[in-house]
Protein chains: 2
Amino acid sequence: MSITAEALPEVTATIADRIFDQLRQAIVEGEIPPGSKISEPVLAARYGISRGPLREAMRRLESSSLVERKPNVGARVITLTSEQLLEIYVIREALEGMAARLAAEHMSDAAIADLKRLLTRHRTDVAQEEWQTYFQKEGDLDFHFRIVQGSGNRRLINILCNDLYHLARMYRCQFGMKSDRARDALKEHELVVEAIAERDGELAEWLMRRHIRKSRKATERRLAAMQE
Amino acid sequence: MSITAEALPEVTATIADRIFDQLRQAIVEGEIPPGSKISEPVLAARYGISRGPLREAMRRLESSSLVERKPNVGARVITLTSEQLLEIYVIREALEGMAARLAAEHMSDAAIADLKRLLTRHRTDVAQEEWQTYFQKEGDLDFHFRIVQGSGNRRLINILCNDLYHLARMYRCQFGMKSDRARDALKEHELVVEAIAERDGELAEWLMRRHIRKSRKATERRLAAMQE
DNA sequence: CGCCCAAAGATTGTCGACAATAAGATTGAC
DNA sequence: GTCAATCTTATTGTCGACAATCTTTGGGCG
């Protein structure tokens with residue numbers, strides 16, 4: 001499942017849009033490593049395009065804060081520091097908490113049923129401990145993604161899906177996160193869904209915030225251990 | 001006081017950056033009216049520049065969702081619907097609530113003293129009922145702006161100051177909002193600052209969220225009355 | 001030997017021109 | 001008279017080239 005706000009057509013009409021998607025993926029997945037300088041002539045040649053559309057794509061990457069640009073100097077892929085990662089968690093706590101509240105109010109019964117099915121699938125995944133690293137983290141984002149979609153707030157969806165989730169994914173690719181929190185996280189997910197199913201927005205928000213806060217603290221601990 | 005995240009140099013180095021600022025201002029203040037089509041040749045001629053930098057600026061405006069663009073067709077200034085305005089309030093409730101909590105934890109005593117001074121100034125402004133319309137709304141944003149700055153979360157600051165506040169301002173220019181809530185709002189501001197001064201993040205968040213929720217409801221009522 | 005200055009190289013920013021797509025107008029047919 | 005199709009026109013998307021700026025390399029001076 002692709003993490004984007006709207007269903008994008010197979011091949012985007014304009015080169016600038018296509019190159020934007022490609023570059024974003026390349027950056028998020030680390031193919032273009034963090035901190036590396038982005039040379040317009042080189043990249044244009046690599047993708048077989050002109051510098052015009054490339055620069056337009058770069059301007060959008062700049063807005064997504066995936067690259068940092070200095071006038072007359074050039075652009076570099078951002079390097080996500082631990083502080084920045086924790087900042088993202090804080091914002092997600094606020095926004096996704098609200099998303100959970102809205103989802104409890106607006107989500108259709110069918111969508112909730114779907115969400116429950118997703119969780120049962122995750123439950124079987126967690127049972128097979130081996131697969132942990134990759135599939136579970138991907139599943140975690142998938143869960144959050146659906147809650148946000150369920151909020152029905154288009155702008156909220158955009159902020160989270162067009163920017164923050166890409167950054168979160170980038171961080172994960174950068175550090176090869178393997179969380180030992182899979183079981184706990186799953187349980188927390190279940191509680192959130194339960195609250196949503198009961199249409200208890202207040203509780204859903206509270207649970208979602210606690211869930212993300214716990215994730216942040218786990219990451220904080222892992223970062224501290226890494227540092228030593 | 002200019003509503004931007006970082007202090008921008010007097011004149012920006014590159015044309016694309018400068019034209020971005022100018023266009024954003026023109027759109028926010030209604031000089032380029034909502035829904036109007038943006039013709040690249042016309043605008044380029046108007047500003048005496050080429051289409052290259054203009055298109056780069058447009059890509060950034062697109063990312064800020066101030067213009068909507070269809071491939072091979074063109075770009076139009078967005079028209080803020082009432083639904084979208086309310087969506088923004090919801091997001092602000094979540095984000096600024098969190099900002100208030102963080103401000104209570106991180107803000108320096110000097111900054112808090114500054115904030116208090118700002119409020120006393122607003123208090124005298126409110127006393128002179130005449131000035132209401134313009135200065136008070138501007139002051140309202142100024143207050144929120146400072147709280148967000150006080151959070152110390154750079155990304156949070158960016159989201160609010162680079163996108164949402166411009167949208168809020170655009171809406172205000174579009175509808176010439178005069179709120180009858182000045183006195184209530186000021187009181188709510190004072191409570192928030194008090195909580196921050198006491199370093200009570202929990203309460204600060206709660207008060208800020210209630211404040212924004214009340215503003216949203218007032219706007220909702222006004223929109224409903226307008227509609228009839 | 002190290003530091004500073006200058007020139008060469010490379011890269012970014014900007015421009016005008018061409019190609020491709022979409023909107024609008026004109027003409028023809030029913 | 002209305003609809004449809006085609007042609008015209010205008011706008012968007014893309015490209016290559018030039019100008020301005022920064023970086024780097026080389027040389028000279030202290």
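Just so we're on the same page: letters track the sequence lines, and every chain starts at 1.
- Take A:Arg221 and apply the salt bridge (charged side-chain N to carboxylate O under 4.0 Å, His left out) test, not counting sequence neighbours, and it matches no residue.
- With sequence neighbours excluded, no residue forms a side chain to side chain donor-acceptor pair (under 3.5 Å) with B:Ser64.
- Here A:Arg55 pairs with A:Glu40, B:Glu56 under the salt bridge (charged side-chain N to carboxylate O under 4.0 Å, His left out) rule; sequence neighbours left out.
- Listed by chain and residue number, A:Arg209, A:Arg213, A:Arg216 satisfy the salt bridge (charged side-chain N to carboxylate O under 4.0 Å, His left out) test with A:Glu93 (two or more places apart in sequence, or in another chain).
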Heavy-atom contacts, protein to nucleotides 12-23 of chain C, under 4.0 Å, summarised as B (base), S (sugar-phosphate only) or - (none) per nt, yield BBBBB----SSS
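- The ring-ring contact (aromatic ring centres under 6.0 Å, His included) test applied to A:Phe143 returns A:His189, not counting sequence neighbours.
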